[in-house]
Colleague: 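Below is one structure. I have some questions about it.
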Amino acid sequence: MVLVGAVALSAIAVGSASADEWFVEGAKLAAGKSAALATTTAVDEFAKMRVSPGSASEVEIECTGAALVEVNVYISSGTGGMAQSLTLEKCSVTKPTTGCALEGQPTTIKTNALGVTTALAGPNTKVGINVHPLTKKTFTEIPFTESSTCLGGGGLKPVNGSILLLSSDGATEAVTHTLMGQGSVENNSLESGGNKTIFEGGLALLKLASGSKWSFHA
């Protein structure tokens, strides 16, 4: 995963009208209200980013940090939310094994400001969270070394588009909720230099800064 200081809360990205909404301690968030997430989220499973997945030129990046660092991340009334940034830590190229590396790896990969739109994602307790750039179209940038020969050579490689994350227990009132990348092209529109890009795994354990129970449902 993926994820305000310079952006007013009035700019929170809100989804279309829906009977499903964010709740905190059993009460839905009132119109115009928001609830902050904790500034760090425990990572229970490492995240992978795959560029041009399944092809001979596939590049795989694994981030092995123990936490997802969050800056000003909120859920807001209705179906929305936003994040100033999300940061994956200790990221390195794991495929190919030669000729391709991140600058200063293991390094951090930080997103731009992101908006969130939420919806129930099937039966039981699953909740889908669409995460998209709040302005323009760049989700994040990947810093490859200048000597890298993968993906057309080194330098910063923008990743554009949005991604659908899944919380398998998001509709159940609880202090902690899981969040995971779906790991398929169908669940995101991310691309880098014309190459399809997917996030997979990266099980994060989300909490509100207040430690309150929260959920998303009708």
Side-chain angles (χ1 to χ4, degrees), residues 1-14 21-25 27 29-30 32-49 61-92 102 104-118 127-135 138-143 159 162-170 172-181 199 201-216:
M1 6 138 243
V2 89
L3 358 99
V4 174
V7 182
L9 284 179
S10 61
I12 286 177
V14 179
E21 302 182 67
W22 286 114
F23 284 72
V24 177
E25 293 293 351
L29 283 173
K33 298 296 183 179
S34 62
L37 269 68
T39 55
T40 58
T41 290
V43 171
D44 198 47
E45 179 181 312
F46 297 146
K48 290 182 180 180
M49 185 191 315
I61 298 168
E62 185 172 42
C63 300
T64 61
L68 173 67
V69 180
E70 303 167 339
V71 177
N72 294 328
V73 181
Y74 294 83
I75 57 172
S76 65
S77 56
T79 65
M82 69 180 298
Q84 181 179 344
S85 67
L86 303 173
T87 300
L88 294 165
E89 298 185 315
K90 298 183 180 180
C91 300
S92 301
L102 302 183
Q105 74 175 34
T107 189
T108 60
I109 295 178
K110 181 178 179 180
T111 72
N112 290 330
L114 301 171
V116 169
T117 305
T118 314
V127 172
I129 301 175
N130 181 269
V131 183
H132 52 85
L134 196 58
T135 60
T138 301
F139 191 94
T140 188
E141 291 181 313
I142 309 174
V159 177
S162 64
I163 181 172
L164 180 65
L165 305 176
L166 183 70
S167 174
S168 61
D169 54 7
T172 301
E173 194 86 352
V175 172
T176 302
H177 289 293
T178 61
L179 190 67
M180 179 179 283
F199 276 93
L203 183 66
L205 307 175
L206 302 180
K207 293 182 179 181
L208 294 181
S210 65
S212 300
K213 293 182 179 181
W214 55 306
S215 56
F216 182 87

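Positions are given from 1, in the same order as the sequence printed here. Being a predicted model, the structure only gives us computed values, none of them experimental.
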Colleague: Could you state the interatomic distance from OG1 (T140) to CZ (F199), rounded to the nearest 0.5 Å?
Modeller: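 One gets 7.0 Å once the value is rounded to the nearest 0.5 Å.
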
Colleague: Does L134 form a side-chain contact (heavy atoms from CB on, under 4.5 Å) with L114? I'd like the steps, not just the answer.
Modeller: CA-CA 5 Å; L134 196 58; L114 301 171; 5.8 Å; no

Colleague: Answer whether the closest heavy-atom distance between the side chains of C91 and L102 falls below 4.5 Å.
Modeller: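 A side-chain contact under 4.5 Å exists here.
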
Colleague: With rounding to the nearest 0.5 Å, note down the distance linking CG in L206 to CD in E70.
Modeller: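 It is 6.0 Å, given to the nearest 0.5 Å.
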
Colleague: Find the distance between CG (L37) and CH2 (W214) and round it off to the nearest 0.5 Å.
Modeller: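 It is 4.5 Å, given to the nearest 0.5 Å.
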
Colleague: Work out which heavy atom in V131 is nearest to a heavy atom in F139; give both atom names and the distance.
Modeller: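 For V131 versus F139, the nearest heavy atoms are O-CE1, 3.8 Å.
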
Colleague: Quick one: pull up CG in L166 and CG in L203 and give me the separation to the nearest 0.5 Å.
Modeller: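 Between L166 CG and L203 CG, I get 10.5 Å after rounding to 0.5 Å.
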
Colleague: Taking it one step at a time, do V24 and K33 satisfy side-chain contact (heavy atoms from CB on, under 4.5 Å)?
Modeller: CA-CA 11 Å; V24 177; K33 298 296 183 179; over 6 Å; no

Colleague: For residues T87 and T108, is any side-chain donor paired with an opposing acceptor at under 3.5 Å?
Modeller: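 No, no side-chain donor-acceptor pair sits under 3.5 Å.
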
Colleague: Where is the tightest heavy-atom contact between A30 and S77, given as atom of each residue plus distance?
Modeller: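 It is O-CB, 3.0 Å.
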
Colleague: Apply side-chain contact (heavy atoms from CB on, under 4.5 Å) to V43 and E89, showing your working.
Modeller: CA-CA 10 Å; V43 171; E89 298 185 315; over 6 Å; no

Colleague: For the atom pair CD1 (I109) and NZ (K90), what is the distance rounded to the nearest 0.5 Å?
Modeller: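 So the CD1 of I109 and the NZ of K90 are separated by 14.5 Å.
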
Colleague: Any chance you could measure K213, atom NZ, to T176, atom OG1, to the nearest 0.5 Å?
Modeller: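 These two atoms lie 11.0 Å from each other.
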
Colleague: Compare every heavy atom of S167 with every heavy atom of H177, then report the nearest pair and how far apart it is.
Modeller: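 Closest approach of H177 to S167: CB-OG, 4.0 Å.
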
Colleague: Are the side chains of S168 and T178 in contact, using a 4.5 Å heavy-atom criterion?
Modeller: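 When only atoms from C-beta onward are counted, S168 and T178 do touch, with a gap below 4.5 Å.
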
Colleague: Okay, side chain of S76, backbone of S34: is any donor-acceptor separation there less than 3.5 Å?
Modeller: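 The answer is no, because no donor-acceptor pair under 3.5 Å joins these two groups.
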
Colleague: Testing the basics here: between V116 and H132, what is the closest heavy-atom pair and its distance to 0.1 Å?
Modeller: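 Scanning both residues, the minimum pair turns out to be N-NE2, 3.8 Å.
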
Colleague: Do you know which two heavy atoms are closest between N130 and S162, and how far apart they sit?
Modeller: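 Smallest interatomic distance, heavy atoms only, reads ND2-OG, 3.8 Å.
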
Colleague: Restricting to side-chain hydrogen bond (donor to acceptor under 3.5 Å, both in side chains), what partner residues turn up for S212, sequence neighbours left out?
Modeller: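 S212 satisfies side-chain hydrogen bond (donor to acceptor under 3.5 Å, both in side chains) with S210 once adjacent residues are dropped.
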
Colleague: Identify the heavy atoms of L165 and G181 that sit nearest to each other, and give their distance.
Modeller: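 Answer, listing the atom of L165 first, then G181: CD2-CA, 3.7 Å.
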
